[in-house]
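Here's the structure we're looking at; comments come further down.
This is a predicted model, so every value here is computed, not measured.
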Amino acid sequence: MDTPKQYYESINLPGVLSIRNVSELLSKIFNEFHSRDTIIVSIPEGADADLSFVQLIESSRRQAKSHGKTFRLSSPASGSVLNVLERSGFIESFDQEDANFWLHKEVSL
């Protein structure tokens, strides 16, 4: 049995993830919501991100969850995305679900 193609593709984002192109990023993500049950976002290594990007991803994540869809990052946050998460206080308030999403940290027993 073949796995549907949708499970192999991810949304490839540009190297600049900021307020200047948040509308473009929103459109990319929004389009995927209509055609897929699993949305995987690929953040380029060395991407330049700001708080608007983190807010967009958090909002998209919550929207996906409320519609029974899976939304995840292809790799853990790093570089400027991780810096924004740290500077804005997100990491300090992470619960296990947040840590799993952003940092790919699973629950360990």
Inset, instruction - To the nearest 0.5 angstrom, please state how far the CG atom of L25 sits from the OG atom of S18. - result: 8.0 Å

Legend entry - Cation over ring face, R72 and F101, 6.0 Å, 45°: no

Inset, instruction - Over all heavy atoms of both residues, which pair between E58 and F90 is shortest? Give the atoms and the distance, please. - result: CG-CE2, 4.0 Å

Legend entry - Hydrophobic cluster identity match, F30 and L73, side-chain contacts under 4.5 Å: no

Inset, instruction - Verify side chain to side chain contact (heavy atoms under 4.5 Å, CB included) between I39 and T70, making sure each step is shown before the conclusion. - result: CA-CA 6 Å; I39 300 107; T70 301; over 6 Å; no

Inset, instruction - Give the intermediate values and the outcome of salt bridge (charged side-chain N to carboxylate O under 4.0 Å, His left out) for residues D98 and R61. - result: CA-CA 10 Å; D98 299 329; R61 182 178 148 206; 2.7 Å; yes

Legend entry - Heavy-atom pair of closest approach, residues F71 and S60: CZ-CB, 3.6 Å

Legend entry - Donor-acceptor under 3.5 Å (N31 side chain, S27 main chain): yes

Inset, instruction - For the pair S59 (side chain) and Q55 (backbone), establish whether a donor and an acceptor sit closer than 3.5 Å, ignoring hydrogens and angles. - result: no

Inset, instruction - Using the rule that two of Ile, Leu, Val, Met, Phe, Trp, Tyr join whenever any of their side-chain heavy atoms come within less than 4.5 Å, decide whether L26 and V84 are in one cluster. - result: yes

Inset, instruction - Name all residues meeting the side chain to side chain donor-acceptor pair (under 3.5 Å) criterion together with S52; count only those two or more places apart in sequence or in a different chain, and write none if there are none. - result: D50

Inset, instruction - Identify whether the distance between the nearest side-chain nitrogen and carboxylate oxygen of E32 and K28 falls below 4.0 Å. - result: no

Inset, instruction - Tell me whether V16 is reachable from V54 by hopping between hydrophobic residues (I, L, V, M, F, W, Y) whose side-chain heavy atoms are closer than 4.5 Å. - result: no

Legend entry - Reported CZ-to-CG distance for the pair R87 and L82, which is rounded to 0.5 angstrom: 10.5 Å

Legend entry - Cluster check I40, F53: I/L/V/M/F/W/Y, side chain < 4.5 angstrom: no

Inset, instruction - Check P44 against L13 and note the closest heavy-atom contact, atom names and distance. - result: CG-O, 3.0 Å

Inset, instruction - Could you grab the distance from atom CZ of F33 to atom NZ of K69, nearest 0.5 Å is fine? - result: 7.5 Å

Legend entry - Atom of A47, atom of P14 and distance for their closest heavy-atom approach: CB-O, 4.5 Å

Inset, instruction - Would you tell me whether W102 and E97 have side-chain atoms, one donor and one acceptor, within less than 3.5 Å of each other? - result: no

Inset, instruction - Treating Ile, Leu, Val, Met, Phe, Trp and Tyr as nodes and any side-chain heavy-atom pair under 4.5 angstrom as an edge, say whether I19 and I43 lie in one connected cluster. - result: yes

Inset, instruction - Supply the atom-to-atom distance E86 CD to S80 OG, rounded to the nearest 0.5 angstrom. - result: 11.0 Å

Legend entry - Rounded distance (nearest 0.5 Å) linking atom NE2 of H67 with atom CG of D37: 12.0 Å

